Structures are given as structure tokens and as C-alpha cells.
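Keep in mind the model is a prediction, meaning the values are calculated, not measured. Each ligand, and each atom within it, is numbered from 1 in the order the structure gives.
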Amino acid sequence: MKNYDINKHVTGESQFVDDLLSIEGMLYASVCYSQVAHGELLGIDINEALKIEGVKGIFTAKDIPGLNQIGGIIPDEELLAHNKVHFQGEPIAIVVADSQLVAREAVRKIKVDIKKLKVITDPREAYKAGELIVPPRTFKLGDTEKNWKKCDVIAEGSAESGGQEHLYLETQGAFAYPVEGGGVKIISSTQSPTAVQRATARVLNLSMHKVEVDVLRLGGAFGGKEDQATAWGVMAGLAAFKLNKPVKLILPRQEDMRMTGKRHPYSSDFKIGLTNDGKIICYEATFYQNAGAVADLSPAVLERTLFHCTNSYFVPNVKATAISCRTNLPPNTAFRGFGGPQGMFVIESAIYKAAQQMGIDPSEIQKKNLLDEGDEFPYGQKTENCHSRITWQRAEIKYAIEDIRKKVEAFNHSSDIYKKGIAFMPICFGISFTNTMMNQASALVHVYTDGSVSVSTAAVEMGQGVNEKIRMVAASIFSLSLDKIKTDTTNTTRIANTSPTAASSGADLNGKATEQACNEILNRLKQVAAEMLNLNDSSKIDIIDEIVCLQGSKTKIAWNELIKTANMKRVSLSSQSFYATPGIHFDKTKEKGKPFAYHSYGTAIIEATVDCLRGIYKIDSVKAVHDFGKSMNISIDKGQAEGAIMQGLGWMTIEEIIYNEDGKLLTDALSTYKVPDIHFTPNVQIEFLENSENPLGVFKSKAIGEPPLMYGIGAYFAVTNAIKAFRPGMEFKFSAPITPEKVLLNIYSNIKKSVTSA
Ligand code: LUZ
Ligand code: MOS
């Protein structure tokens with residue numbers, strides 16, 4: 001049941017881009033980037049750098065043979081800055097040398113002349129200045145304006161959520177070499193081989209068939225390599241193409257942190273209206289997304305914020321507007337959850353504030369408004385097989401919520417300085433790329449004459465175990481042992497025109513394509529077996545545990561013999577198959593449709609203890625009931641859920657990205673950017689929702705990559721609830737992450753008043 005990469009990871013055998021054996025004549029690239037967040041690029045002087053021994057070439061915008069353009073959704077992103085720079089960390093020149101050290105030394109010798117312009121880092125300021133990436137979008141359901149008067153309670157406020165560094169263990173990088181006929185081959189650490197291929201072809205002015213991109217595995221990605229692996233792949237390709245030599249480009253950690261975009265920070269306003277008994281009638285929200293300097297994936301991320309703006313609740317009247325604001329920060333990008341968590345944090349803040357006004361526990365409002373079967377989302381889709389309430393109920397029972405409440409109350413009663421808080425966090429996450437077109441994948445399966453099987457798909461293995469799931473699909477269809485199945489590298493020559501491995505859909509899309517391809521071969525093999533058994537009908541033939549069976553009983557024909565015979569009879573042992581998620585559509589002119597194949601649900605209970613003197617805290621436990629569908633692999637799925645929870649906790653609590661007003665990243669190392677470690681890790685318990693089968697997922701499973709991240713949002717409110725136990729009635733600014741500093745500020749910012757009143 002384990003992910004088969006585990007042993008190789010532990011022994012260090014697993015190869016990443018930087019581990020590939022150096023080949024004869026290999027060169028190393030380093031990137032010269034802007035130290036100014038916004039300015040006119042007046043000149044680049046490379047003369048001193050060129051004089052350094054070992055420097056083989058320096059490339060700037062003017063050396064690009066094709067288009068200096070790598071924008072994925074909108075063509076607004078230069079590979080190398082030309083007339084202007086738009087953020088600190090924007091690449092300006094590529095230096096290639098015979099060692100990494102020399103390349104870096106030469107970068108420092110490049111003189112860049114920039115005339116500084118005004119820097120904007122705040123999304124609301126960018127909005128006021130008219131700096132938008134795309135026009136704002138609004139999702140509507142019912143009619144909020146008409147229904148505010150039906151509300152007994154109205155709560156208004158704003159909520160901020162911060163960025164997040166992906167911190168994949170393997171930094172961005174690529175290795176490229178020239179191939180015969182004027183093409184290049186690029187080994188890239190990317191979630192999207194086709195994106196690297198397409199951008200390289202554009203920049204080098206080549207047709208796509210001359211650019212081959214290959215991916216063995218990534219050391220993590222988390223969305224950070226969906227779009228932002230492309231630049232480095234293209235740069236390595238450009239250098240290899242120009243110099244006709246193999247070139248490796250690996251970003252050192254600090255440069256990776258400075259140059260690449262992160263999770264989008266959001267600044268949002270909300271207004272929520274409820275009846276006296278806690279039923280939500282109206283919800284309005286405006287989201288200001290800090291997109292950074294260019295579009296990257298921001299328009300798609302923005303859209304998912306709207307799709308998830310009501311989280312796991314049914315709200316009859318909704319009006320939500322999302323605005324993508326251009327600032328002078330590195331372009332923010334995909335990050336596990338893809339704008340969904342940012343939308344969900346805002347409605348959770350709104351519910352919290354309303355509960356405070358009503359003098360009740362937020363969980364009362366949460367529970368009362370959970371989605372039911374057939375409820376409509378603001379985008380027109382209705383719930384099917386809705387597991388919102390059932391996971392909540394299971395969590396209450398399984399984790400004995402009444403006992404937890406009593407325990408916490410007793411603790412808070414007996415402790416002055418330390419206080420405990422509890423929060424519920426229900427989640428609902430839509431599965432499919434919100435851009436319908438992207439929901440496609442293909443698989444290429446070969447059975448070799450010795451009976452072994454090789455599977456290629458568009459799926460990129462990044463530690464999430466997708467290869468293991470694909471092997472399980474092939475092994476199950478053919479009824480073979482797992483060791484007969486190998487997944488091959490993700491390669492644009494074998495698998496063309498692929499979507500990125502993203503949106504939690506890698507196993508579903510590529511698994512389904514694999515299932516189809518294997519079934520095609522299996523049907524041919526059954527026909528061969530029928531002929532071997534002198535039957536004219538193959539319908540009663542199965543392969544069970546590597547033996548051909550007739551009506552369920554074993555024949556003398558084993559898998560290997562069957563394969564050899566098929567080959568002798570000139571029957572194809574290969575198949576290519578294409579899968580496109582059926583039944584999904586979305587009309588952007590109406591902002592309505594059925595964008596998601598299905599939804600993922602779950603509920604977590606989070607407990608935290610806060611030291612109200614020092615502001616430090618501990619997340620004690622995260623206890624979840626999660627809907628995994630029929631899990632294909634319990635240890636992989638549990639690992640994904642645990643990892644996602646930790647990443648969500650980090651985003652909400654201690655991971656804080658800070659840029660100064662000049663657009664300089666101050667948290668550009670692990671000494672200043674704190675991530676959860678083993679000491680921070682709470683007691684995590686995850687219960688699989690029983691009897692959940694998902695006909696729309698591969699082998700009835702459900703996508704698992706992203707949804708559990710959003711349980712982390714509950715940690716924010718568990719901490720604020722603990723603070724509330726210390727200072728009842730205090731007002732909160734909703735501002736994540738809730739670092740220990742912010743806990744102190746929340747408690748003591750109006751200390752004078754409380755001291756005198758005490
Ligand atoms: N990437 C993307 C994603 O291009 N579209 C999506 O809808 C998405 N959702 C989650 C994560 N990555
Ligand atoms: Mo992603 S955020 O699924 O690349």
C-alpha cells in the first residue's frame with residue numbers, strides 16, 4: 001500500500017534535476033535579476049562580467065530569437081526584462097559559465113541602470129490606480145439587495161490573508177541540451193511539461209515538435225511549478241540552443257524565494273445577514289487579490305475564490321466580486337487550493353463576526369447552514385451526493401465534541417494565563433480545473449513481450465503518489481502484480497498537449513485515461529485467449545491473477561503465454577487513450593454552469609492553547625472526518641491529508657511573507673520565514689467517511705491533493721476563540737497569519753483601557 005518511491009527517497013536513490021549525471025561539456029547558468037521593484041531599464045553593462053574566465057555567454061532580451069514572451073493566460077510576461085522592470089527579482093540576464101560559482105560571480109559583475117518609478121505593493125492601492133490584470137468578476141445568486149431587510153443581524157467587516165512560500169524541497173530548475181536538427185530537449189522540474197514546451201518554442205522560434213520536455217519527478221511543487229517552472233526551463237533551453245551545449249540552471253534557495261511568486265495575499269470586505277436563529281440570508285463580499293506584476297495564473301485563481309466564497313454553506317442570496325490587482329511584487333501564482341482557501345477564510349470571518357454580535361458560538365451558525373442535497377451554489381451547480389452534514393455529524397460523534405467542550409471549559413475555568421479554544425472547519429472543494437478545456441488527459445500503455453507493462457501519462461509525480469495510483473489502475477485492469485507495471489517519465493513526445501498536473505485532478509484524469517487504454521489492450525487479449533481456447537466468444541473470459549480464466553475457473557494459459565501468443569498473431573500490445581471529464585461546462589457571460597465533476601467534503605475540529613501573556617500558542621489537535629470516496633491507497637491519501645493540513649495550518653498561523661514598501665522581500669530565508677516543523681505538529685487524526693463511493697473519480701475514489709489544506713483555516717479561529725476566553729468581548733481584526741506577535745497585539749493593543757478598568 002505504500003508509495004513505491006518511498007524507499008528510493010529514503011536511500012537517496014531518487015533522482016531530481018540537479019542529480020542528473022553531468023555530461024561532457026556541461027555548463028551552468030545563473031540569473032541576474034532586478035533589485036528594483038519598478039523602473040525603466042536604461043542599460044545593462046555586461047563587459048566586466050564577460051571578462052571573467054570561464055564565462056561562456058551572457059544573454060539578455062535582445063538575444064532572444066523568437067518572442068520574449070512566456071505569459072500563460074495573458075501574454076504580459078517577458079522572459080527577460082526589456083524596457084522596464086516590474087518587480088524585485090525579475091530576470092534581466094542569463095549568465096552561462098563552466099561552473100556555478102563562476103556564473104554567480106559574473107552575475108554580480110553585471111551593471112544594471114534603472115530609473116526608479118513609483119512602487120505599489122498594496123492591492124487596494126493598485127485598484128484605486130486602475131491597475132487591474134483583468135476586469136472584475138461577480139457571481140450572484142438570488143438578490144441580496146432585496147433581502148437585507150429580512151435579516152435580523154447584519155455583520156460587516158474586512159479580512160486579510162497573507163501570501164505563502166511554496167518551499168518545495170527541490171528548488172526550481174531545468175537541464176537542457178541541444179538535439180540534432182536544431183531542437184532542444186529539456187529536463188524540467190515542472191508540473192506542466194507542455195507549458196515549458198510551448199513557451200520554449202515561442203521564445204526560440206521553433207515549432208513545438210522540436211522541443212521535447214521530460215519530467216522524472218519533482219521534489220514537491222504545491223502549485224509553484226504549475227506556471228512558474230516555465231521561465232527556468234525556457235532559460236536553460238535558450239542557453240543550450242545558443243551555445244549548442246548542455247546547460248543546467250538550478251535556483252539557489254534564496255533566489256528561488258526572491259524571484260518566484262507565492263500564494264496570493266487577499267484583502268477583502270464582507271457583509272453577512274442572518275435571522276435571529278442563525279440562518280444565513282445574505283452574503284456579499286469583495287475580494288482584492290494581490291496578483292503581483294503580471295497575470296501568471298491570477299485570473300484562474302481569482303475565479304476559484306468566487307467558486308468557493310460560500311465554502312460548505314448554502315446561502316440563498318449571494319453577491320461576490322473579485323478583483324485582480326496589479327502590484328510590483330513577483331507574480332503570485334497557483335498554490336494548493338488555488339484561491340479557494342482565500343475565499344473560504346472570508347466567509348468564516350464573517351460567520352465569526354456575526355456569532356460575536358449574536359453572542360453565540362460560530363459553530364452554531366456553521367452547522368445550521370451546511371449544504372444539503374440539491375442546494376445551489378452561487379455559480380448554478382447543485383450539490384449531488386452532498387457529504388457536508390454527514391461529515392459534520394460524524395466528526396461530532398467520533399471525536400465526542402461534548403467531552404471536548406467540557407474539557408476546554410474546565411481548563412479555561414482553572415487557568416488564568418493559558419486559554420484553550422475550539423473551532424470547527426467544514427470544507428467543500430470543487431474538483432475539476434475551473435477552465436473546462438483543461439480537463440483532459442491521455443495515456444500510452446505498452447505491454448512488452450515478456451509481459452511487463454509500461455505506462456506513460458500526463459501526470460507528473462511530485463511526491464503525491466500519482467504514479468503509484470496509476471500503477472494500481474493498470475495492475476487492477478490487467479490483474480497483474482504491481483511489480484509488472486512501471487510508470488514512465490512524463491514526456492511531451494510520448495504524451496502531447498497536456499494539462500498541468502494540478503487542481504487535485506492528476507489521478508482522476510490520468511487514471512481514467514490509463515483505465516481506458518488498459519481496457520482496450522485487455523479486450524484484444526481476451527479475443528486472443530478465446531482463439532487459443534477455440535471459442536468464438538470472448539465474453540466469458542477474464543484474466544485473474546495473471547491466469548486466463550473461463551467463466552471464473554482457471555485455464556492453463558498464463559499472462560506471459562497470452563502476451564507471446566498475441567505478439568505471434570500480430571495483435572497490438574499498445575494503446576493510447578484520451579479522457580475528457582464528461583458533463584462539465586461553464587458560461588462566463590452568465591457566470592453559471594456545472595464547472596465541477598464533483599465536490600470533496602469534510603469537517604475538522606481544531607483545538608489550540610494560547611499563552612495569553614506571551615502570545616505564543618500551540619495547535620493541540622486537528623481531528624477530521626474526510627470524504628476520500630473509496631480510497632485507492634489509504635497510506636497515500638492519509639499522507640496527502642496530513643501534509644495539506646500542516647500546510648494550511650502554517651499559512652494561517654506562523655508563515656508570514658513580508659515585503660517592504662520598496663517591494664523587497666524581507667522574509668527570504670528560513671531564518672525569517674517560519675514554517676511548521678515537527679514540534680509545531682499537532683495531534684492529527686483523520687477518519688475516512690464510510691460508505692462513500694464516487695462514480696466520477698478513478699476507481700470510485702475522490703481527489704485528495706488540495707481539499708484538506710482548508711482545515712487549517714480552523715486553526716485561526718481556534719486561536720481567536722482561546723483569546724476570546726481570556727478577553728471576552730474583544731474585537732478582532734481578521735488578519736491571517738495570526739502570528740504570536742499578532743496574538744499579543746490583539747490582546748494588548750488597548751491595554752491601557754483594560755488595565756485601568758481592572
Ligand atoms: N490550476 C488551474 C489549478 O489552472 N485551474 C484550476 O482550476 C486549478 N485549481 C486548483 C489548482 N490548480
Ligand atoms: Mo495546483 S495549486 O493544483 O498547481
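- Below 3.5 Å of separation, one finds an N or O of Gln191 facing an N or O of ligand 2.
- Aromatic rings of Phe429 and Phe338 (six-membered ring for Trp) have centroids beyond the 6.0 Å cut-off, not under it.
- Considering backbone and side-chain N/O of Ala334, none are found under 3.5 Å from N/O of ligand 2.
- Defined by atom type and a distance below 3.5 Å, a donor-acceptor pair is present between the side-chain atoms of Glu706 and Ser504.
- Thr138 and Thr321 share a side-chain donor-acceptor pair at under 3.5 Å.
- Per-residue contacts place Phe335 under 4.0 angstrom from the following atoms of ligand 2 (heavy atoms of the residue considered): 2 (S).
- Considering backbone and side-chain atoms together, Arg304 places an N or O closer than 3.5 Å to an N or O of ligand 1.
- In summary, the side chains of Tyr598 and Asp508 do present a donor paired with an acceptor at a separation below 3.5 Å, with no hydrogens or angles considered.
- Side chains of Asp214 and Thr489: a donor-acceptor N/O pair is present below 3.5 angstrom, by distance only.
- Proximity of Arg336 to ligand 1 is not established, as no heavy-atom distance is less than 4.0 Å.
- Scanning all protein heavy atoms for the shortest distance to atom 4 (O) of ligand 1 gives Glu226 OE2, 2.8 Å.
- Phe307 has its ring centre less than 6.0 Å from the ring centre of Phe586.
- Interface atoms of ligand 2 facing Ala503, defined by a heavy-atom separation under 4.0 Å, are 1 (Mo), 3 (O).
- Near Gly223, the atoms of ligand 2 lying under 4.0 angstrom from a non-hydrogen atom of the residue are 1 (Mo), 2 (S), 4 (O).
- Closest heavy-atom approach to atom 8 (C) of ligand 1 within the set Phe596, Phe335, Phe338: this belongs to Phe338.
- Counting heavy atoms closer than 4.0 Å to ligand 2, residue Arg336 contributes backbone atoms (N, CA, C, O) but none from C-beta onward.
- Residue Glu226 approaches ligand 2 through these ligand atoms, each under 4.0 Å from one of its heavy atoms: 1 (Mo), 4 (O).
- If you check the side chains of Tyr33 and Glu90, you find no donor sitting under 3.5 Å from an acceptor.
- We find that Arg217 and Glu170 are not joined by a salt bridge, their nearest charged nitrogen and carboxylate oxygen being 4.0 Å or further apart.
- Taking a cut-off of under 4.0 Å to the non-hydrogen atoms of Ala502, the atoms of ligand 2 that pass are 1 (Mo), 3 (O), 4 (O).
- Contacts with ligand 2 closer than 4.0 Å are made by side-chain heavy atoms of Glu706 only, the backbone lying farther away.
- The residue Ala300 has no part lying near ligand 1, judged by heavy-atom distances below 4.0 Å.
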